[in-house]
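Notes follow once the structure below has been shown.
Note that the numbering runs from 1 along the sequence shown for the chain. As a basis for the values below, the full set of heavy atoms in this structure was taken, side chains included, without hydrogen atoms, waters or symmetry mates.
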Amino acid sequence: VRQHEVVAGLAAVHHKRPLPISTMQGIIDAMQNEVEKTTPPTFQELENSLRQTSGALYQACLLATSTATPENLRAAEEIGTAYGLILTLK
């Protein structure tokens with residue numbers, strides 16, 4: 001069984017402070033493009049994919065620290081998505 005570093009990290013956090021299963025499942029499902037080393041065909045699809053991975057991962061960080069508010073979660077999603085775009089386009 002191949003272990004992905006993001007999944008291993010999420011599992012460790014989840015063990016200490018359970019995160020919503022829907023959040024965890026969404027991140028894992030969205031990671032399929034990374035595992036398959038494919039790039040979405042359009043910029044909009046790339047941004048959506050990164051929102052579901054990087055953006056959701058940043059939101060999970062807030063949920064793990066009990067600092068999640070609706071405003072913080074929206075900001076974390078935007079920051080995570082932007083960071084993912086920067087890394088992808090770098």
Side-chain angles (χ1 to χ4, degrees):
V1 174
R2 181 177 176 265
Q3 289 191 346
H4 191 281
E5 62 272 6
V6 172
V7 174
L10 284 172
V13 169
H14 184 69
H15 179 72
K16 292 180 183 178
R17 183 174 199 88
L19 299 170
I21 295 299
S22 60
T23 299
M24 301 286 285
Q25 189 64 49
I27 293 169
I28 292 167
D29 289 347
M31 295 289 298
Q32 184 173 354
N33 284 335
E34 283 191 33
V35 172
E36 294 176 354
K37 303 284 188 219
T38 59
T39 302
T42 68
F43 184 81
Q44 185 63 47
E45 289 179 68
L46 173 62
E47 185 176 14
N48 289 340
S49 176
L50 291 168
R51 187 170 305 284
Q52 294 170 355
T53 53
S54 298
L57 188 59
Y58 275 54
Q59 288 179 322
C61 291
L62 284 179
L63 292 168
T65 63
S66 298
T67 58
T69 65
E71 185 177 287
N72 287 351
L73 288 169
R74 280 190 301 278
E77 181 184 55
E78 292 301 319
I79 292 166
T81 302
Y83 185 69
L85 284 168
I86 290 166
L87 290 179
T88 301
L89 299 173
K90 182 177 159 182

Q.
Measuring from atom CG of Leu62 to atom CG of Asn72, what distance do you get when rounded to the nearest 0.5 angstrom?
A. 5.5 Å
All N/O donor-acceptor pairs, side-chain side in residues 74-90, below 3.5 Å, sequence neighbours left out:
| from | atom 1 | to | atom 2 | distance (Å) |
| --- | --- | --- | --- | --- |
| Arg74 | NH1 | Pro70 | O | 3.4 |
| Glu78 | OE2 | Arg51 | NH1 | 2.9 |
| Thr81 | OG1 | Glu77 | O | 2.7 |
| Thr88 | OG1 | Gly84 | O | 2.8 |

Q.
So, taking the atom named CZ in Arg17 and the one named OG1 in Thr65, what distance separates them when rounded to the nearest 0.5 Å?
A. 7.5 Å
Q) Does the side chain to side chain donor-acceptor pair (under 3.5 Å) test come out yes or no for Gln25 and Ser22, once each step is laid out? A) CA-CA 5 Å; Gln25 189 64 49; Ser22 60; over 6 Å; no
Q | Same apolar cluster (I L V M F W Y, side chains within < 4.5 Å links), Leu50/Phe43 | A | yes
Q.
Rounded at 0.5 Å granularity, tell me how far CG in Asn48 sits from CD in Gln44.
A. 4.5 Å
Q) Looking only at side chains, do Ser49 and Gln52 share a donor and an acceptor under 3.5 Å apart? A) no
